[in-house]
Amino acid sequence: MRILKLTEETRNNILENLLKRSPNSYGEFEGRVNDIITQVRERRDAAIFEYTKRFDGADINAGNILVTEEEIAEAYEQVDPKLLDVIRKALVNIRDYHAKQRQFSWFDSEESGIILGQKVTPLDTVGVYVPGGKAVYPSSVLMNVIPAKVAGVRRIVMTTPPGADGKVYPSTLVAAKEAGVDAIYKVGGAQAIAALAFGTESVPKVDKIVGPGNIYVALAKKAVFGYVSIDSIAGPSEILVLADETANPRFVAADLLSQAEHDEMASAILITTSQKLAEQVSVEVDKFVAELSRKEIITKSLENYGYILVADTMEDAIAAANEIASEHLEIVTENAFEVMTKIRNAGAIFIGEYSSEPLGDYFAGPNHVLPTNGTAKFFSPLGVDDFIKKSSIISYSREALEPVYKDIVQFAECEKLTAHANSIRVRFEK
C-alpha cells in the first residue's frame with residue numbers, strides 16, 4: 001500500500017478521490033435506470049419478467065415469482081446446520097440490540113387543559129432488497145429485516161435476483177424465514193426497486209425500501225425517493241483504522257483487507273502516528289493479498305482507494321478521520337476509549353484490537369447498514385427509527401386557548417395569513 005505523509009493537501013486529495021465513488025457521480029447510468037423504472041411503471045409484471053430474463057437469465061412469470069414454502073423447506077435441507085445455528089445466534093444479538101432503540105408514544109398534560117404528545121406508529125409495509133450476483137448476503141437479510149420486525153412493521157416483503165435456474169440462494173431464503181419475512185419475490189436490480197415503489201400485478205407497492213445493491217439499485221432508489229421512503233443511497237464499502245505504535249500490524253492489515261475485498265471501489269485507509277507501523281502494515285498487506293481468494297478485487301481497490309497516512313500527532317489523525325467520516329472506523333491505540341470520545345463522524349466505531357470490522361458485519365448486534373461517502377457527518381446506521389413515523393398530538397381546551405389566542409392572531413397577521421388569524425379569533429367572538 002502507498003504510504004503518504006498526512007498533510008492538508010494529501011487529506012484534501014484523498015477526500016476528492018473518495019467522493020468520486022459516490023452514486024451521485026454516476027450520471028451516465030441514470031438514463032438506463034430511468035428507462036427501466038418507466039417500463040416497470042407502464043408495463044408492470046411484463047417488464048420485470050423481461051428484465052429478469054435479460055439480466056439474470058431466469059424464466060420468471062406470475063406463477064413462480066413468489067418463493068414457495070416448498071422452496072424454503074428445500075433451502076433448509078441445503079444449508080449447513082452449523083451455519084443455521086450461527087444465523088440464529090446472530091439474529092438474537094441483532095434483535096436484542098435493536099430492541100433497546102424502540103420508542104413509544106408519550107403525552108404530557110397540564111391542569112390548564114393542554115395536552116401535548118407524540119404518537120409513534122410503525123410503517124405498514126416495507127420492502128427489503130437483498131443483492132445476489134457476486135456474493136451471498138444472508139447477513140444483509142438479518143440487518144434489514146430485524147429492525148423492521150422490532151419496530152412492529154405489519155408486512156415485510158423481500159426481493160432478490162434469482163439464479164439462471166430460477167432459484168434463490170438457500171442461505172438467503174433461510175435467513176429470511178428466520179427473520180420473519182412475509183413474502184419473497186424473485187426479481188433484482190432497478191426493476192425490483194421500481195416494482196416495490198409502484199407495484200405490479202405480482203409485487204406489492206411498499207411504503208419504504210431498504211437494503212444495499214449495485215449502482216443500478218442505488219440510482220433506482222434515488223429516483224423513486226418521494227414516491228416511497230428509502231433508507232439511504234449506499235456507496236462502496238469503507239474502513240479507516242486509527243492506530244499508534246501499540247497496534248499489531250498483522251491485525252491492522254487483515255482488517256483493511258476485510259473491506260477492500262468487497263469491490264474494486266472499496267476504500268481502505270490507515271492513519272497512524274507511527275512510521276514503523278505504516279511500513280510493517282504495508283508488508284503484511286502484501287503477504288495477505290498473495291494468498292487471499294479475491295486477490296484481483298483487493299489489488300484494484302488498494303490501487304484506487306487504499307492509503308496509509310502517517311500523522312505527526314494523534315490529534316491530526318483524529319481530525320482527518322472526522323473529515324473523512326468513514327463507514328467503519330477501528331481505533332487501535334493505547335488509549336482507545338479516550339480517542340473514541342473525540343470521534344464525531346463515523347458509521348460504526350470498533351474499539352480495541354479484538355473488535356475487528358467483520359464482528360459488526362455478522363454477529364455483535366449493531367446494524368451493518370451504515371452511512372458511506374462522508375455521509376456519516378449527518379446520517380446514522382439503519383435502526384428501529386427507520387421503520388416508524390411520528391405524529392404530533394395537540395389538544396387545548398377553551399380555558400387553555402383563551403389567554404394566548406391574541407398572541408397567535410398577532411403572529412398570523414404578521415405573516416399576512418388572515419384566514420389563520422380568523423380560525424383562532426372566531427372561537428372568541430361575543
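Because the structure is a prediction, the values reported are computed rather than measured. Below, all heavy atoms of this structure are taken into account, side chains as well, without hydrogens, waters or symmetry copies.
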Legend entry - Side-chain donor or acceptor of Asn322 paired with backbone N/O of Arg344 under 3.5 Å: yes
Legend entry - Rounded distance (nearest 0.5 Å) linking atom CD1 of Ile48 with atom NZ of Lys53: 15.5 Å
Inset, instruction - Verify side chain to side chain contact (heavy atoms under 4.5 Å, CB included) between Phe411 and Asp407, making sure each step is shown before the conclusion. - result: CA-CA 6 Å; Phe411 224 141; Asp407 296 335; over 6 Å; no
Inset, instruction - Side-chain contact test, heavy atoms from C-beta onward, threshold under 4.5 Å: evaluate it for Lys342 versus Glu315 and give yes or no. - result: yes
Legend entry - Heavy-atom closest pair, residues Val206 and Val157: CG1-CG2, 3.7 Å
Legend entry - Polar side-chain atom of Ser301 near backbone of Ile297 as donor-acceptor pair, under 3.5 Å: no
Legend entry - CD1 on Ile343 to CD1 on Ile331, rounded to 0.5 Å: 5.0 Å
Inset, instruction - Could you name each residue pair satisfying side-chain hydrogen bond (donor to acceptor under 3.5 Å, both in side chains) that touches residues 278-289, not counting sequence neighbours? - result: Arg250-Glu284, Gln275-Glu279
Legend entry - Atom pair CD1/CD1 of Ile156 and Ile184 - distance to nearest 0.5 Å: 11.5 Å
Inset, instruction - Please step through side-chain hydrogen bond (donor to acceptor under 3.5 Å, both in side chains) for the pair Thr341 and Glu338, ending with a clear verdict. - result: CA-CA 5 Å; Thr341 64; Glu338 181 184 339; over 6 Å; no
Inset, instruction - From the options Lys208, Lys221, Lys222, select the one residue that forms a salt bridge (Lys or Arg N to Asp or Glu O under 4.0 Å) with Asp231. - result: Lys221
Inset, instruction - Please collect all side-chain hydrogen bond (donor to acceptor under 3.5 Å, both in side chains) contacts where either partner lies in residues 121-130, sequence neighbours excluded, each pair once. - result: Lys119-Thr121, Asp124-Arg154
Legend entry - Ionic contact status for Glu303 with Arg2, cut-off 4.0 Å: no
Legend entry - Beyond-backbone contact of Val141 with Val128, side-chain heavy atoms, under 4.5 angstrom: no
Inset, instruction - Measure the shortest side-chain to side-chain distance between Ser140 and Pro212 over non-hydrogen atoms and say whether it is less than 4.5 angstrom. - result: yes
Inset, instruction - Determine yes or no for a side-chain-to-main-chain donor-acceptor pair under 3.5 angstrom, with Asn12 supplying the side chain and Leu15 the backbone. - result: no
Legend entry - Short side-chain donor-acceptor distance under 3.5 Å, Thr200 and Asp45: yes
Legend entry - Donor-acceptor under 3.5 Å (Lys186 side chain, Gly163 main chain): no
Legend entry - Evaluation steps, side-chain hydrogen bond (donor to acceptor under 3.5 Å, both in side chains), between Gln78 and Tyr169: CA-CA 10 Å; Gln78 295 173 331; Tyr169 288 119; over 6 Å; no
Inset, instruction - Quick one: pull up OH in Tyr305 and CD1 in Ile14 and give me the separation to the nearest 0.5 Å. - result: 12.5 Å
Legend entry - Test item: Asn93 side-chain N/O and Phe363 main-chain N/O as donor-acceptor pair under 3.5 Å: yes
Legend entry - Separation between CG of Asn373 and CD of Glu238, rounded to the nearest 0.5 Å: 5.5 Å
Legend entry - Heavy-atom pair of closest approach, residues Pro162 and Ala58: CG-CB, 3.9 Å
Legend entry - Residue pair Ala195 / Val40: nearest heavy atoms and the distance that separates them: N-CG1, 3.8 Å
Inset, instruction - Write down the atom of Val130, the atom of Pro161, and the distance for their closest heavy-atom approach. - result: O-CD, 3.4 Å
Inset, instruction - Of all the heavy-atom pairs spanning Tyr354 and Leu359, show the shortest one and how long it is. - result: O-CD2, 4.4 Å
Inset, instruction - Decide yes or no on side-chain hydrogen bond (donor to acceptor under 3.5 Å, both in side chains) for Asp385 and Gln101, but give the supporting numbers first. - result: CA-CA 8 Å; Asp385 279 359; Gln101 297 178 347; over 6 Å; no
Inset, instruction - With the side chain counted from C-beta on, respond yes when Gln103 and Val384 share a heavy-atom pair under 4.5 Å apart, and no when they do not. - result: no
Inset, instruction - State, yes or no, whether a side-chain contact exists between Ile65 and Phe49 at a heavy-atom distance under 4.5 Å. - result: yes
Inset, instruction - Could you tell me whether a side-chain N or O of Asn64 sits under 3.5 Å from a main-chain N or O of Asp59, the two making a donor and an acceptor? - result: yes
Inset, instruction - Any chance you could measure Ser202, atom OG, to Tyr185, atom OH, to the nearest 0.5 Å? - result: 7.5 Å
Legend entry - Within-4.5 Å side-chain heavy-atom neighbours: Leu309 and Arg11: no
Legend entry - Whether Asp244 side chain and Thr273 backbone form a donor-acceptor pair below 3.5 Å: no
Inset, instruction - Would you indicate whether the side-chain heavy atoms of Leu302 and Val289 approach each other to under 4.5 Å? - result: yes
Inset, instruction - Search all heavy atoms of Ile271 against all heavy atoms of Ile269 and return the closest pair with its distance. - result: CG1-CG2, 4.0 Å
Inset, instruction - Check whether any side-chain N or O of Ser356 sits under 3.5 Å from a backbone N or O of Asp255 as a donor-acceptor pair, and report yes or no. - result: no
Legend entry - Electrostatic pair Lys167:Glu71 at N-O distance under 4.0 angstrom: no
Inset, instruction - Kindly determine whether Val210 and Asp386 satisfy side chain to side chain contact (heavy atoms under 4.5 Å, CB included), including the steps that lead there. - result: CA-CA 9 Å; Val210 301; Asp386 290 285; 5.7 Å; no
Legend entry - Side-chain heavy-atom pair Asp85, Lys89 within 4.5 angstrom cut-off: yes
Legend entry - Under the side-chain contact (heavy atoms from CB on, under 4.5 Å) test, residues paired with Glu357 that sit two or more places apart: Ile239, Ser258, Gln259, His328, Glu330, Phe350, Asp361
Legend entry - Thr372 side-chain N/O to Ser237 backbone N/O, donor-acceptor pair under 3.5 Å: no
